[in-house]
2 protein chains.
Amino acid sequence: MTDTLDTRFIVKQFENYIPLSCKDKELVSSLVKPPVTYLKNTSVWHQGTSSERFYILSKGWVYAYRNMEDGTRQVLDLYVPGDIIGLREFAFRKRGSGLMTLSNAELYPFSMPQLSTLFAHSPSLCNVLFTIVARHQAILLERMVNLGRRSAREKLAHFLVELSERLRRVQRIPGNALELPVPQALLADALGLSVVHVNRTCRELKENGLVMPAGSGLTILDLEGLRKVAQFDAYYLEHDAETLSAYLRTSAEANVSPDC
Amino acid sequence: MTDTLDTRFIVKQFENYIPLSCKDKELVSSLVKPPVTYLKNTSVWHQGTSSERFYILSKGWVYAYRNMEDGTRQVLDLYVPGDIIGLREFAFRKRGSGLMTLSNAELYPFSMPQLSTLFAHSPSLCNVLFTIVARHQAILLERMVNLGRRSAREKLAHFLVELSERLRRVQRIPGNALELPVPQALLADALGLSVVHVNRTCRELKENGLVMPAGSGLTILDLEGLRKVAQFDAYYLEHDAETLSAYLRTSAEANVSPDC
DNA sequence: CGCCGCGTTGAAGAAAATCAAAGCACGTGG
DNA sequence: CCACGTGCTTTGATTTTCTTCAACGCGGCG
């Protein structure tokens with residue numbers, strides 16, 4: 001409750017989309033509460049529980065999954081810092097998926113009604129949030145393509161490239177080789193494959209010099225090579241700031257927001 | 001441009017979520033333009049073209065697809081009347097998927113900037129639209145589970161049950177047997193299978209008395225049976241009107257909307 | 001030391017793809 | 001009215017991809 005709370009990280013996530021007015025920044029800041037931390041491999045929420053909160057991930061990696069009746073699991077989403085998590089349960093009573101940490105993690109909590117508050121007070125932020133869920137939907141779509149119409153090799157390559165692209169957008173790359181702390185069992189459940197087959201496919205990529213094992217996870221050695229294998233097209237990760245601004249200009253001829 | 005334009009169908013789609021104020025209804029109505037019609041098996045838009053419009057489907061069936069470089073195709077979405085189509089390209093420059101009609105179809109067009117206008121003028125509608133995309137995302141997630149972790153048999157059954165559930169929510173069922181005009185090639189591309197395999201799987205279901213061929217498409221004979229095969233749980237199709245109202249109450253203590 | 005989580009490997013089997021060819025309904029033109 | 005083409009379904013035979021089962025390796029840690 002002290003004023004030492006650093007809201008810059010949160011504000012920055014929204015400003016990735018369009019510059020915010022002072023008022024909007026203050027509005028966002030006023031909703032920020034202290035972040036919560038979770039240890040590696042712990043549950044943030046379980047599937048079936050009530051969906052009152054959403055989060056912005058600030059540190060670490062987490063993933064959303066769905067447990068099936070026959071004991072198998074589908075990993076639905078893998079989140080990196082900056083990602084907003086849980087918006088899709090807006091106006092749902094229960095969560096359709098669980099959320100687990102892959103590493104130690106830090107998350108900023110928000111309540112769903114706060115989202116409605118945001119909508120009520122700032123059309124700009126409303127547009128930004130809509131853009132965010134639209135982009136997220138594009139990612140899910142691409143993952144459907146991956147699950148439905150690509151070979152194991154392509155699936156894996158595509159998944160890795162997407163991940164590193166998303167990381168690159170949120171933090172500077174630490175050199176050329178990128179290390180992803182993703183165990184093979186997780187890859188399997190994300191790609192709809194068996195662990196064994198993921199392992200063999202990893203070996204293939206390894207033998208081609210594209211990746212390298214690194215503890216529990218792997219390191220990308222040749223991003224361009226992977227991109228070629230996956231026929232990766234990053235269009236779906238790029239929102240269009242100009243288009244969004246144009247929408248806002250069109251709509252907001254009335255509301256002049258007092259700038260700082 | 002005449003006043004004979006019937007906006008009730010459109011307004012109804014939004015009122016599925018919460019009751020709208022007079023002002024909101026008028027706002028929605030004011031954005032409605034005459035519907036456009038397309039013949040069976042024609043393209044509404046192509047992947048890669050600019051995304052200036054979205055639509056509300058009023059009659060017929062359409063589907064969104066993605067063509068792959070190797071000539072294969074993934075069907076991403078199958079829409080029935082009442083569905084809102086194209087929201088996910090909000091603030092994207094280009095469409096990530098094409099849209100084709102499966103039957104003769106009628107769609108009400110809206111422009112993307114109109115959406116921003118809506119946001120700026122009505123927090124309630126903003127909430128409704130957010131709920132709609134959240135629900136849509138839940139559907140995509142379920143489809144990911146389907147693609148990743150279910151057998152051909154289960155995939156097919158699940159797809160059919162989802163479809164009939166969604167239909168049931170939008171129009172009264174014409175008896176017990178429901179006819180779905182979906183060719184097998186489409187099922188294949190939606191489920192990530194080959195046409196041949198879909199055909200064989202259909203035969204299995206047929207032999208179990210669950211479905212029946214019907215022209216180009218099939219008829220559901222035993223919905224409960226299919227439900228069991230797919231282990232279908234409809235949670236993800238149910239938004240929660242009460243929760244949404246509660247959000248609105250919490251947030252809108254300030255803005256009292258003048259009721260009719 | 002011994003257990004646990006994760007990666008790795010081989011062998012066998014199942015599920016689904018591919019290839020190739022018919023069949024069948026429907027509409028069109030001769 | 002029939003021949004013909006077209007789009008979709010159906011079927012069989014074969015091959016590929018991926019799964020399952022089973023086992024072992026290996027580093028970390030109580």
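Proteins get letters first, then strands, A, B, ... in listed order; numbering begins at 1 in each. In what follows, every heavy atom counts, from backbone to side chain, and hydrogens, waters and symmetry copies are set aside.
Asp189(B) places its CG atom 12 Å from the P atom of dC8(D), with the value rounded to the nearest Å. Atom NE2 of His197(A) and atom P of dA22(D) are 21 Å apart (whole Å). Distance CG (Leu102(A)) to P (dC6(C)): 10 Å, rounded to an integer number of Å. Whole-Å rounding puts the Arg150(A) CZ to dT16(D) P distance at 23 Å. We find that CZ of Arg153(A) is positioned 15 Å from C1' of dC18(D), with the value rounded to whole Å. If you measure from atom CG of Leu187(A) to atom P of dC6(C), you get 13 Å, rounded to the nearest angstrom. Rounded to an integer number of Å, the gap from Leu186(A) CG to dG5(C) C1' is 15 Å. Between the NZ atom of Lys40(A) and the C1' atom of dC4(C) there is a distance of 14 Å, given to the nearest Å.
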For nucleotides 19-26 of chain C, list the nitrogen or oxygen atoms of the protein found under 3.5 Å from its nitrogen or oxygen atoms, one pair per line.
none

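Aromatic rings of Phe232(B) and His158(B) (six-membered ring for Trp) have centroids within the 6.0 Å cut-off, being under it.
Listed nucleotides dC18(D), dG7(C), dT10(D) differ in distance to Leu193(A); the shortest reach to its side chain belongs to dC18(D). Set against dG7(C), dT10(D), dA16(C), the side chain of Gln184(A) has dG7(C) as its closest nucleotide.
For Asn199(A), a side-chain nitrogen or oxygen approaches OP1 or OP2 of dT8(C) to under 4.0 Å.
Atom CG in Leu186(A) sits 9.5 Å away from atom CE in Met100(A) (nearest 0.5 Å).
Side chains of Glu162(B) and Tyr236(B): a donor on one and an acceptor on the other come within 3.5 Å.
Classification of Arg150(A) and Glu142(A) as a salt-bridged pair holds, one side-chain N sitting under 4.0 Å from a carboxylate O.
Of the residues listed (Arg169(B), Arg166(B), Arg135(B)), the one engaging Glu238(B) in a salt bridge (charged side-chain N to carboxylate O under 4.0 Å, His left out) is Arg169(B), and it is the only one.
Nucleic acid contact for Gly215(A): none, since no nucleic acid atom lies under 4.0 Å from a heavy atom of the residue. Contact annotation for Ser194(A): base contact, defined as any heavy-atom pair under 4.0 Å involving a base atom. Counting non-hydrogen atoms under 4.0 angstrom, Lys206(B) reaches the backbone sugars and phosphates but no base.
The two atoms that bring Ala185(B) and Arg73(B) nearest to each other are O-NH2, 4.2 Å, heavy atoms only.
Positionally, the nearest nucleotide of DNA chain C for Ser216(A) lies more toward the 5' end than for the other of Ser216(A) and Arg203(A).
Side-chain contact between Pro183(B) and Leu102(B) is present, with at least one heavy-atom pair separated by less than 4.5 Å.
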